[in-house]
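Working notes, structure below.
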Amino acid sequence: MFLILVVTMFLAGCLALPIKDPYSYSSAVGQGGGTPFASYGEGRITGVRVWETNNNYYYYYYYYNYNSNNYISGFQLRYGNTWSPVFGNEGSVKQVMELFNDEAIVEVSGKYNPADYICYLVLTTNMGRTLSAGMPNQISFNFYPTNMGNELRILSGRFNGAGITSIGAHWGLVDMEGAGNSTLETALETLIS
């Protein structure tokens, strides 16, 4: 009898524990000059467009040939059926990924040049598909949610006239019942702070 009472009290105590914050933020990387941005929309992210600029200008350094003038010039997210504004600008090459039902972006990675732009961007979904744009050189970054089951909700950062200079990721749950899906308030708070 005493054992049942102890087990019941333990289980009741576990139910009373506070729920962890369902949101997390991956701090922005990059030079950070220019105009701040934060994507926003209603519902789940269902599509992505990323523009890259490839100037085809080669530099030679210690006998190695590499192109250091490729960078991410802009991107756009689709929330539900509505595309967000283009953040940055539409460069020369566009990469597009349409997400399937129940597919979500669970990792954002790439490379950035601390002196100027995001050079390379890779978006990975929970189904293992990826969209990649740019040239994989410079310093690596890797963003992912801290809580299991979370997905990308907002990309934020800064851009100038040529491209994206910094990028960060906001992770959270999507309430598919229709309430609490808006990222506009969070986007505005990001821009104000």
Side-chain angles (χ1 to χ4, degrees), residues 21-53 55 68-80 82-97 99 104-124 131-135 137-147 150-174 180-193:
D21 186 8
Y23 301 100
S24 60
Y25 172 63
S26 300
S27 296
V29 298
Q31 178 250 14
T35 306
F37 70 83
S39 63
Y40 56 89
E42 295 284 333
R44 174 175 268 161
I45 295 172
T46 58
V48 181
R49 294 175 181 153
V50 179
W51 286 271
E52 63 181 286
T53 296
N55 289 332
S68 66
N69 231 6
N70 285 9
Y71 55 88
I72 304 303
S73 56
F75 74 90
Q76 188 176 34
L77 300 176
R78 187 176 69 203
Y79 291 88
T82 306
W83 286 99
S84 72
V86 174
F87 300 103
N89 66 64
E90 299 175 19
S92 58
V93 178
K94 177 172 69 172
Q95 304 291 333
V96 179
M97 180 165 63
L99 276 62
I105 297 169
V106 295
E107 182 180 4
V108 177
S109 57
K111 297 198 177 249
Y112 69 98
N113 183 337
D116 52 30
Y117 300 108
I118 304 300
C119 302
Y120 183 58
L121 190 63
V122 179
L123 303 170
T124 305
L131 175 141
S132 63
M135 184 68 139
N137 60 1
Q138 299 292 335
I139 300 170
S140 297
F141 66 90
N142 190 18
F143 301 152
Y144 49 88
T146 56
N147 300 315
N150 284 10
E151 62 190 72
L152 182 67
R153 299 291 294 131
I154 298 172
L155 285 176
S156 63
R158 291 182 173 267
F159 67 91
N160 63 20
I164 305 297
T165 61
S166 71
I167 195 164
H170 303 251
W171 308 94
L173 300 172
V174 175
N181 282 341
S182 177
T183 59
L184 180 57
E185 289 178 16
T186 307
L188 290 174
E189 289 171 8
T190 300
L191 292 176
I192 292 170
S193 60

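Remember, it's a predicted structure, so these values are computed and weren't measured experimentally. Note: hydrogens, waters and symmetry copies are ignored here, and every other heavy atom, side chains too, is used.
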Non-neighbouring partners of [X] that pass side chain to side chain contact (heavy atoms under 4.5 Å, CB included), sequence neighbours left out:
X    : answer
R49  : W51, Q76, W83, K94, V96
F159 : T35, F37, I164
V122 : S109, Y120, T124, T130, S132

Is there side-chain contact between [X] and [Y], with at least one heavy-atom pair below 4.5 Å?
X    : Y    : answer
I139 : V29  : no
F87  : P36  : no
L131 : I105 : no
Y71  : I118 : no

Practice prompt. Apply side chain to side chain donor-acceptor pair (under 3.5 Å) to E151 and list each qualifying residue two or more places apart in sequence or on a separate chain.
Written response: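 Per chain and number, E151 pairs via side chain to side chain donor-acceptor pair (under 3.5 Å) with R44.
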Discussion item. Please enumerate all residues that pass side chain to side chain donor-acceptor pair (under 3.5 Å) together with S92, with sequence neighbours excluded.
Written reply: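 If we apply the side chain to side chain donor-acceptor pair (under 3.5 Å) test to S92, skipping adjacent residues, there are no hits.
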Looking only at non-hydrogen atoms, find the nearest pair between [X] and [Y] and report the distance.
X    : Y    : value
V50  : A133 : CG1-CB, 3.7 Å
Q31  : P114 : CB-O, 3.4 Å
Y25  : S156 : CE1-OG, 4.1 Å
V174 : G43  : CG1-C, 4.3 Å
G33  : R158 : O-CB, 3.6 Å
I154 : A38  : CG2-CB, 4.2 Å

If you round to the nearest 0.5 Å, how far is [atom2] of [Y] from [atom1] of [X]?
X    : Y    : atom1 : atom2 : answer
L77  : L123 : CG    : CG    : 8.0 Å
E107 : N142 : CD    : CG    : 4.5 Å
Q95  : I72  : CD    : CD1   : 8.5 Å
N147 : W171 : CG    : CH2   : 12.0 Å
M135 : N113 : CE    : CG    : 13.5 Å
E42  : T82  : CD    : OG1   : 9.0 Å

Item to complete: Using the side chain to side chain contact (heavy atoms under 4.5 Å, CB included) rule, take F75 and L155 through it: C-alpha gap first, then chi angles, then the decisive distance, then the call.
Response: CA-CA 10 Å; F75 74 90; L155 285 176; 3.7 Å; yes
Look only at the side chain of [X] and the backbone of [Y], and say whether a donor-acceptor pair between them is shorter than 3.5 Å.
X   : Y    : answer
S26 : F143 : no
Y79 : R153 : yes
N89 : G161 : yes

Worksheet item: What's the verdict on side chain to side chain contact (heavy atoms under 4.5 Å, CB included) for F141 and V108, showing C-alpha distance, side-chain angles and the deciding distance?
Response: CA-CA 8 Å; F141 66 90; V108 177; 4.3 Å; yes
Practice prompt. Could you note down all residue pairs passing side chain to side chain donor-acceptor pair (under 3.5 Å) where residues 160-169 supplies at least one of them, sequence neighbours left out?
Written response: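 Only Y117-N160 qualify under side chain to side chain donor-acceptor pair (under 3.5 Å).
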